[in-house]
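Written out below as structure tokens is the structure these notes cover.
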Amino acid sequence: MSRTAPLTGHSARHEGHRVPTRGHSAHAITRRPCNSGQRQKDREAGMPMRAHVGDQLIVESPTTGATRRDGEIVGVHHNDGTPPYDVRWSDSGRVSLVFPGPDAHIHHTGHPADMAPGAPAPRTATEARASARPLPDAEVTALARDAAAAPSMHNAQPWRFRYFRGKRLFHVTADLARTLPHSDSDLRALHLGCGAALMNLRVAAAHSGRHPTTELLPDPDDPTLLAAVSLTSPLSDEDGPSGLYPAIHARHTSRSPFTETEIPESVRTTLREAAGAEGVSLSFASGWHLQTVLDLALEAEARNLTDHGSAEDLTHWTQLSAQTPRSATEGVPPYAFGPRRRGGKAPMRDFAGGQPVPGRESADFESSPQLALLATPGDRPKDWLRAGQAMERVLLTATLEGLSSSFVTQALEWPDLRWPLRDPVAGAGHVHMVLRLGYGPPGPRTPRRPTRHILDIVP
């Protein structure tokens with residue numbers, strides 16, 4: 001069965017993985033003598049440790065008192081400044097969640113005495129310093145690693161990043177060697193996945209205290225240059241998407257059954273607002289429209305199982321083809337296929353392509369799946385990039401709300417099935433993604449390519 005592809009864009013499938021968290025931009029740490037006697041008195045008095053973002057955590061040797069490790073506190077989880085903290089270690093540039101022990105103490109970096117512990121430092125000073133400092137290569141690498149945690153169709157990871165030190169500028173480019181020629185002949189899914197990576201980059205940059213000034217498709221002569229992100233400005237008074245950062249490495253695609261618990265309307269409203277912040281509409285299918293979406297997904301899945309091109313794309317990225325074995329850093333591994341659907345109405349893709357997989361179980365899925373559609377009035381590459389950013393913003397928000405998620409893209413891969421996905425009553429325009437949302441187990445971590453394979457740093 002052949003596809004016609006009148007467009008030139010992208011419809012995405014999506015994986016995620018967990019790496020150490022990161023936060024505000026790192027800077028050189030100046031070691032100063034500290035009052036160990038006062039620290040001892042505080043411990044004996046049972047006074048809790050308190051810190052601000054930007055303070056220094058110092059871990060000493062319990063025998064000699066010498067500094068073993070230090071790092072900048074880039075995240076405070078409690079309003080009163082008590083642990084745990086997100087700490088960027090000076091020796092590696094990585095960020096981890098730390099519950100300080102008795103061998104650790106805080107070196108405060110000169111906050112006003114009347115500032116409540118745990119409150120962020122004044123943006124005008126802290127973020128001006130952050131924007132004035134060049135980004136260390138370790139932080140640039142961490143930003144790219146965060147961006148690459150985004151989902152993409154069949155986990156193809158079709159992105160590359162180039163960072164220009166002198167301009168403090170990221171370029172996000174399409175890696176055309178990682179396309180799906182049959183399932184995504186118009187590259188719409190590629191744009192969605194790269195848009196999701198761009199959203200992660202924006203979130204991570206904002207979390208580091210830098211405002212990401214973003215321009216989509218900045219060079220008309222180079223359609224593979226999808227976005228330019230400048231990090232020369234401090235964050236404004238509004239946090240923007242920085243609060244979504246904890247979800248970047250917690251979001252994973254879950255192909256397991258969800259419960260029948262209905263998503264509260266307040267949460268649905270929050271998800272609609274997340275999509276709307278990127279200029280994209282989100283609607284939950286219901287009634288006859290939901291049944292239409294389910295029927296179209298089932299029709300597309302049946303086509304995919306008998307279409308040679310679809311099967312070729314699938315086996316290429318699922319490590320099931322002896323002719324084209326995949327690297328362990330890409331694609332959808334069998335452990336992430338999820339159980340085979342035995343019953344229920346959730347429209348699940350069979351990543352095994354009908355083949356038996358040792359140890360794979362069958363399960364009953366939800367009888368009333370909750371499907372959300374992302375749409376825009378237009379259907380051009382900029383619309384696909386906006387939809388990809390909105391998709392990831394919704395997924396990160398859903399993760400923070402305790403929801404699990406997966407993707408229903410089968411009908412989006414067939415042009416004659418994609419248009420009927422829209423709700424003609426709402427007139428939402430062109431549907432770019434169908435999300436399956438609900439309460440269920442989180443998905444497993446899926447592989448990512450090493451950062452050195454996706455990032456170039458130039459002067």
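Because the structure is predicted, anything quoted here is derived from the model rather than measured.
Ring-plane geometry between F161 and W159 is classed as tilted, the angle between the planes lying from 30 to 60 degrees on a 0 to 90 degree scale. Aromatic ring pairs are classed by plane angle as parallel below 30°, tilted from 30° to 60° and perpendicular above 60°; the pair Y163 and F170 is tilted.
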- Message: Under the criterion side-chain contact (heavy atoms from CB on, under 4.5 Å), I'd like the reasoning laid out for R178 against W317: C-alpha separation, chi angles, the key distance, then a yes or no.
- Response: CA-CA 10 Å; R178 313 184 69 78; W317 292 103; 3.8 Å; yes
- Message: Applying side-chain contact (heavy atoms from CB on, under 4.5 Å) to Q355 and T315, what does each step give before you reach the verdict?
- Response: CA-CA 10 Å; Q355 300 181 41; T315 55; 4.3 Å; yes
- Task: For side-chain contact (heavy atoms from CB on, under 4.5 Å), just list the numbers for V394 and M391, CA-CA rounded to whole Å, side-chain angles, deciding distance to a tenth of an Å, and then say yes or no.
- Result: CA-CA 5 Å; V394 168; M391 176 188 70; 5.9 Å; no
- Message: As a quick check of understanding, evaluate side-chain contact (heavy atoms from CB on, under 4.5 Å) for L437 and I263, giving each step before the final call.
- Response: CA-CA 8 Å; L437 300 168; I263 300 171; 3.8 Å; yes
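Looking at T409 and R349, their side chains do bring a donor and an acceptor atom within 3.5 Å of each other. Looking at T397 and E401, their side chains never bring a donor and an acceptor atom within 3.5 Å of each other.
Here L395 contributes atom CG and I248 contributes atom CD1; the two are 12.0 Å apart, rounded to the nearest 0.5 Å.
Counting heavy atoms from C-beta outward, E330 and H453 have side chains that stay 4.5 Å or more apart. Contact of the P223 side chain with the L217 side chain is not registered, since no non-hydrogen atoms from C-beta on lie closer than 4.5 Å. Under the 4.5 Å side-chain criterion, counting only non-hydrogen atoms from C-beta, K167 is not in contact with S230. By the 4.5 Å heavy-atom criterion applied to side chains, L294 and P369 are counted as neighbours. A 4.5 Å side-chain heavy-atom check between L298 and Q410 finds every atom pair outside the cut-off. Side-chain contact between T224 and L176 is present, with heavy atoms from C-beta onward closer than 4.5 Å. Counting heavy atoms from C-beta outward, L201 and D146 have side chains that stay 4.5 Å or more apart. The closest side-chain heavy-atom distance from N304 to E413 is below 4.5 Å.
Heavy atoms from other residues, nucleotides or ligands lying under 6.0 Å from CD of E361 number 12 at most.
A salt bridge links D137 and R165; the closest N-O separation between the charged side-chain nitrogens and carboxylate oxygens is under 4.0 Å.
In this view, D456 and R160, R162 satisfy the side chain to side chain contact (heavy atoms under 4.5 Å, CB included) rule, not counting sequence neighbours.
Of the listed residues (R386, R202, R272), just one forms a salt bridge (charged side-chain N to carboxylate O under 4.0 Å, His left out) with E278, and that residue is R202.
With F337 as the aromatic partner, R360 does not meet the cation-pi criteria of under 6.0 angstrom to the ring centre and within 45 degrees of the ring axis.
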